[in-house]
Amino acid sequence: MDAPEREADNDAAHEEPSLEGEYEPEAVESRWQRRWVDEEVYAYESDPERDPNTVYAIDTPPPTVSGSLHMGHLYGHTLQDFAARFQRMADGEVLFPFGYDDNGIASERLTEQELDIRHQDYERREFQELCREVCQEYEAEFTEKMQGLGCSIDWNNTYKTIEPRVQRVSQLSFIDLYEQGREYRKKAPAIWCPDCETAISQVEMEDDERGSHFNDIAFEVASDGTDRDEFVISTTRPELIPACVSVFVHPDDDENQDLVGETARIPIFGHEVPIIADDRVDMEKGSGIVMCCTFGDQKDIEWYQAHDLPLRVAIDESATMTDLAGDYEGLSTEEAREAIVEDLEDEGYLRDRWEISHTVQVHERCETPVEFRVSKQWYVEILDHKEEYLEAGREMDWYPEKMFTRYKHWIEGLEWDWLISRQRDSGIPFPVWYCADCDTEIVAEKAELPVDPLSDEPPVDSCPECGHDEFVPEDDVFDTWATSSLTPLINAGWDWDADAEEFRMEKPELYPFDLRPQGHDIISFWLFHTVVKCYEHTGEVPFDATMINGHVLDENREKMSKSKGNIVAPDEVLADYPVDAVRFWAASAAVGDDFPYQEKDLRAGEKLLRKLWNASKLTDTLAPRDPEEPEELEPIDRWLLAELDDAIAELTAHFEEYEFAKARDRLRTFFWNTFCDDYLEIAKGREDNPSTQYALRTAHRTFLELWAPFLPHATEEIWQAVYTDDGADLEDSSIHTRDWPTPQGYEADLEAGETAMEVISALRRYKSEHQLPLNADLESVSVYGPIEGFEDAIQNVMHVRELTVLEDEPEVTTEVASIDLDYSTLGPKFGSKVGEIDSGIENGEYEIVEDGAEPRSADSSSSAERSSADSHAAKPRDDGDEPREGRVLRVAGEELGEDLFEVEYERTYSGEGEMIETESAVVILED
RNA sequence: GGGUUGGUGGUCUAGUCUGGUUAUGACACCUCCUUGACAUGGAGGAGGCCGGCAGUUCAAAUCUGCCCCAACCCA
């Protein structure tokens with residue numbers, strides 16, 4: 001990665017593409033990465049008139065710049081790039097943009113850590129400025145690393161989620177939804193992080209296992225409707241007792257039913273609360289009697305709302321005890337917990353205390369346990385449109401399909417509207433002021449956006465409701481997802497057209513986007529929120545398709561995590577292996593599957609690069625670079641091109657379905673086995689043949705094109721070295737801007753080709769078994785089988801001095817070795833009789849009747865040898881390839897027709913030389 | 001606790017939706033071969049009965065049920 005080393009590698013030989021020597025990925029890859037960016041090979045130029053069907057637009061979720069680049073980024077972006085590169089070649093223009101997510105808590109935290117400051121100590125603008133400075137450094141680093149992955153991103157089309165253009169889009173989004181009546185401001189309990197001092201949404205919480213204590217605390221009964229003087233409740237949070245507003249008992253709890261309707265006195269604090277029955281009480285837990293405090297958990301909120309309980313706030317926004325806590329005021333919740341427990345014990349209220357470990361809900365950013373606080377917050381109404389969002393999900397194509405269920409279940413399980421206000425210093429402000437007198441909401445003018453109410457004036461001089469002329473600016477900012485969910489609109493240039501008085505897109509041809517790629521962990525919030533926002537703004541589903549990538553696991557299939565220390569850093573991998581090899585590995589898993597990082601897969605990629613390089617060198621020595629197409633191609637060459645046609649068709653289908661792993665395997669097998677191992681060996685003996693020269697070059701160009709999405713650097717290097725003129729404009733000459741290959745309609749005798757390859761394979765096996773070199777001469781070979789047109793090829797590549805094609809099957813004696821039944825038609829026809837038929841054949845209790853000739857029983861057929869030459873000369877094998885009329889198998893009292901069985905013969909060759917059988921040919925070797 | 005997805009030779013994996021009887025390929029392993037690119041190559045071989053149990057069926061890796069294991073999502 002460091003420049004001096006790269007310089008050293010970069011001697012003159014590496015400056016220009018060439019096929020000299022060995023493939024040197026370090027020099028080649030960095031050179032092309034530089035040139036692709038410098039010469040804007042992947043730049044997208046918008047044309048609003050362009051047919052949306054010829055534009056392939058990708059909406060990539062912008063990564064958080066504060067995080068480091070991990071294997072997940074590398075994998076995800078590589079998959080996106082496969083799609084981008086294929087589509088660019090196959091179907092016109094591609095937009096592959098890039099965004100930096102630097103808006104929100106993550107970058108605030110980063111700034112605080114990096115500069116060792118607290119946001120509270122700064123003015124909002126000042127702190128925001130610092131955030132941007134810090135993020136800029138990280139963004140530059142991110143850009144460099146992303147470019148090192150060789151993704152075909154258009155670096156002219158980037159955005160930052162905090163930049164003014166995006167702030168404008170985000171505030172427009174707020175105002176549009178507000179005007180549609182889909183947003184409201186409400187005072188209600190919300191999830192609160194006391195460390196970040198902000199409300200957060202459900203998705204920002206996670207579970208964490210923490211140690212704690214269970215405390216059994218005695219409450220006195222203050223009324224006299226029961227015999228009891230006291231009862232015991234168990235709690236992990238004794239510091240909440242000053243906030244206790246009621247006590248609950250389950251209606252089925254017979255033991256404690258006497259308490260219902262009575263009044264309890266809270267120890268130490270002395271206030272009295274009602275005891276109420278409610279079936280949400282967990283009878284199994286502790287004494288079955290539970291206190292309700294405002295608020296300890298979500299159940300407290302439910303009770304508070306259901307029973308219209310009073311609000312007692314004992315903990316403030318920074319987790320400090322309030323005046324309600326009396327003597328404990330000013331203590332942190334932790335300190336108060338210990339102090340209260342001590343005092344309870346002193347006063348005899350603490351009946352028991354023991355250690356436990358339980359899961360608590362914490363804020364994912366800072367791991368602080370969350371509180372629940374009543375506050376005034378902004379919400380986006382979503383619960384009333386669940387059905388529409390489900391339908392939007394159904395309209396998208398999901399790759400893989402099964403991921404739709406996650407989306408579906410998430411929506412079905414939604415219980416809260418989307419809380420979008422955050423009490424943070426940095427972020428995109430709400431464009432809202434409130435009348436100081438009547439609290440009427442004043443929203444900014446669209447033309448003025450972006451605004452910051454803290455420094456900008458509201459658009460009115462006096463309140464339209466009450467005429468008051470003082471206003472209070474909203475100082476909350478948007479939840480980062482409120483902005484991150486707008487990326488399709490940001491990329492398409494969505495904006496308010498003041499003249500037309502409507503929303504317009506600068507690049508309407510992009511929307512809806514063709515593809516939305518992402519990890520399966522963010523389906524439930526990022527993808528979902530994006531669908532919500534875009535659907536509400538445009539009435540359209542923002543994506544035609546969504547591709548979900550799996551997670552990269554470690555070598556032992558375990559999730560990579562900091563605590564396990566099993567993280568593999570992309571930097572380390574790229575220091576050891578070519579990017580193209582890493583990409584080859586990334587193409588090995590089916591989209592949506594988690595898969596392990598395995599070094600040996602990277603070695604496989606390296607091997608392929610070497611093979612491609614060497615095969616290119618050999619091709620270059622065998623044929624001129626641009627041979628004429630001959631009038632008539634010879635069978636072997638036509639065969640290769642016909643097979644190539646098939647491969648192109650299959651690969652294209654795989655790419656269109658995002659089946660990169662299948663495309664990769666199909667291409668590798670065809671390239672390595674058929675082209676390199678078979679055809680190139682054959683071509684060595686035919687280099688002066690114009691037909692072979694043409695086929696070689698056609699195949700080679702096509703292979704480079706087919707490999708280009710997977711191996712962009714190596715294919716570009718070879719392409720530029722061999723097939724382009726010096727000094728050509730890279731935008732035109734790059735292999736990545738070429739058209740994807742299409743089948744050319746070559747027709748060939750595929751059966752003959754296949755048979756010829758079988759014969760070659762048989763001869764190789766013969767040599768291998770006799771420990772002969774593969775280029776050892778074979779004196780005389782006779783072949784009986786359909787190999788017309790391929791005789792020379794076989795003779796050349798296997799070094800056969802004399803090759804004879806037999807008119808008639810060689811003299812062999814045959815006997816029935818076995819009978820294969822066609823179960824797929826036999827089963828439905830005979831059902832349970834199949835067992836009997838099987839055992840009949842196994843026991844030899846059957847006979848074959850043919851051509852009205854004498855029935856041949858199993859007994860006679862196994863003993864009576866027959867010479868095939870006298871009766872079946874037409875074909876080397878007669879076992880079903882070419883059924884004769886009237887041949888019937890009698891077994892278990894049934895007659896099976898010709899289509900139901902095949903007879904396998906054991907053959908013994910009695911002539912000169914050695915016989916080798918293949919699927920559809922017989923080969924005889926004589927030394 | 002609920003849900004989703006997956007469990008195929010030593011490792012990774014195809015096949016499972018559309019049941020059919022020698023289960024795909026790669027890596028590793030063993031044997032052999034220096035041939036006009038590549039020995040970082042080539043040819044060949046051995047190795048699995050498809051997580052477990054039960055069922056449906058003439059027939060199950062493939063369908064059904066239960067169980068075990070793993071990951072993820074939600075409590």
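Below, chain A is the first sequence line, B the second, and so on; all start at residue 1. In what follows, every heavy atom counts, from backbone to side chain, and hydrogens, waters and symmetry copies are set aside.
A straight line from CD of A:Glu606 to P of B:rG41 spans 11 Å, rounded to a whole angstrom. Taking atom OH of residue A:Tyr766 and atom P of nucleotide B:rC33, one finds them 15 Å apart after rounding to whole Å. Rounded to an integer number of Å, the gap from CZ of A:Phe404 to P of B:rC17 is 22 Å. Rounded to whole Å, the distance from CG on A:Leu772 to C1' on B:rG44 is 13 Å. The distance between atom NE2 of A:His520 and atom P of B:rU5, rounded to the nearest whole Å, is 13 Å. Straight-line distance from the CZ atom of A:Arg406 to the P atom of B:rC74: 10 Å, rounded to whole Å. Nucleotide B:rC38 holds its C1' atom 14 Å from the NE2 atom of A:His700, rounded to whole Å. Nucleotide B:rG44 holds its C1' atom 14 Å from the CG atom of A:Asn673, rounded to whole Å.
Checking the phosphate oxygens (OP1, OP2) of B:rG25, no side-chain nitrogen or oxygen of A:Trp672 falls inside 4.0 Å.
One P atom belongs to B:rA23, the other to B:rA39, and the distance between them is 35 Å to the nearest Å. Nucleotides B:rU64 and B:rG45 place their P atoms 38 Å apart, quoted to the nearest Å. For the C1' atom pair drawn from B:rU11 and B:rC29, the interatomic distance equals 12 Å after rounding to whole Å. If you take atom C1' in B:rG2 and the same atom in B:rU57, they sit 34 Å apart, rounded to whole Å. For B:rU8 and B:rC50, the P atoms lie 11 Å apart once the distance is rounded to whole Å. For the C1' atom pair drawn from B:rC63 and B:rG15, the interatomic distance equals 16 Å after rounding to whole Å. Taking atom C1' in both B:rG19 and B:rG55, the straight-line distance is 15 Å, to the nearest Å. B:rG47 and B:rU35 are spaced 30 Å apart, taking the C1' atom of each and rounding to whole Å.
Nucleic acid contact class of A:Ala615 (heavy atoms, under 4.0 Å, all strands): base. A:Gly21 comes within 4.0 angstrom of no nucleic acid atom, judged by non-hydrogen atoms across all strands. Using a 4.0 Å heavy-atom criterion, one finds that A:Lys402 contacts the sugar-phosphate atoms exclusively. Within 4.0 Å of A:Asp665, counting heavy atoms only, lies no atom of the nucleic acid at all. Note on A:Arg668: only backbone sugar-phosphate atoms sit closer than 4.0 angstrom, heavy atoms only; bases stay farther off. Within the nucleic acid shown, A:Asp822 has no heavy atom closer than 4.0 Å to any nucleic acid atom. If you check every strand for non-hydrogen atoms under 4.0 Å, A:Leu622 touches a base. At the heavy-atom level, A:Lys662 lies under 4.0 Å from the strands shown only through sugar-phosphate atoms. No contact: A:Glu22 has no heavy atom under 4.0 Å from any strand.
No more than 12 heavy atoms of other residues, nucleotides or ligands sit less than 6.0 Å from atom NZ of A:Lys829. Counted within 6.0 Å of CD on A:Glu401, heavy atoms from surrounding residues, nucleotides or ligands total 12 or fewer; the atom is thus considered open. Taking a 6.0 Å sphere around CD of A:Glu659, one finds it holds more than 12 heavy atoms contributed by other residues, nucleotides or ligands.
Candidate nucleotides B:rU4, B:rA37, B:rA71 were compared by shortest atom distance to the side chain of A:Cys676, and B:rA37 ranks first. Between B:rU11, B:rC32, B:rC58, one nucleotide has an atom nearer to the side chain of A:Ser832 than all others, and that is B:rC58. Listed nucleotides: B:rC38, B:rA43, B:rC74. Nearest to the side chain of A:Arg764: B:rA43. Nearest nucleotide to the A:Leu774 side chain, out of B:rA43, B:rU4, B:rG20: B:rA43. Checking B:rA71, B:rA37, B:rA43 against the side-chain heavy atoms of A:Asp677 singles out B:rA43 as nearest. Here the nucleotide nearest the side chain of A:Lys607, chosen from B:rU4, B:rC27, B:rU35, is B:rC27.
In this structure, B:rC27 forms a base pair with B:rG10, meeting either the Watson-Crick or the G-U wobble geometry with both donor-acceptor distances under 3.5 Å. Both distances falling under 3.5 Å, in either a Watson-Crick or a G-U wobble arrangement, place B:rC58 opposite B:rG20. Base pairing analysis places B:rG47 opposite nothing; no Watson-Crick or G-U wobble pair with both distances below 3.5 Å involves it. If you check B:rU4 for Watson-Crick or wobble pairing at under 3.5 angstrom, you find it paired to B:rA71. Using the Watson-Crick or G-U wobble rule with both distances under 3.5 Å, B:rU35 pairs with nothing in any strand shown.
Side-chain atoms of A:Lys611 and base atoms of B:rC38 include a donor and an acceptor less than 3.5 Å apart.
Sequence order on RNA chain B of the closest nucleotides to A:Lys617 and A:Ser761 puts A:Lys617 first from the 5' end. Each of A:Leu680 and A:Pro773 was assigned the nucleotide of RNA chain B with the nearest heavy atom; the assignment lying further toward the 5' end belongs to A:Pro773.
Relative orientation of the A:Phe671 and A:Trp707 rings is perpendicular, given thresholds of 30° and 60° on the angle between their planes. Aromatic ring pairs are classed by plane angle as parallel below 30°, tilted from 30° to 60° and perpendicular above 60°; the pair A:Phe710 and A:Phe82 is perpendicular.
For the residue pair A:Thr546 / A:Gln518, a side-chain donor-acceptor distance below 3.5 Å is found, with atom types taken as modelled.
Annotation: cation-pi geometry not satisfied between A:Arg890 and A:Tyr846 (NZ/CZ under 6.0 angstrom from ring centroid, within 45° of ring axis).
Judged purely by atom type and a 3.5 angstrom limit, A:Trp585 has no side-chain atom pairing as donor or acceptor with the backbone of A:Lys600.
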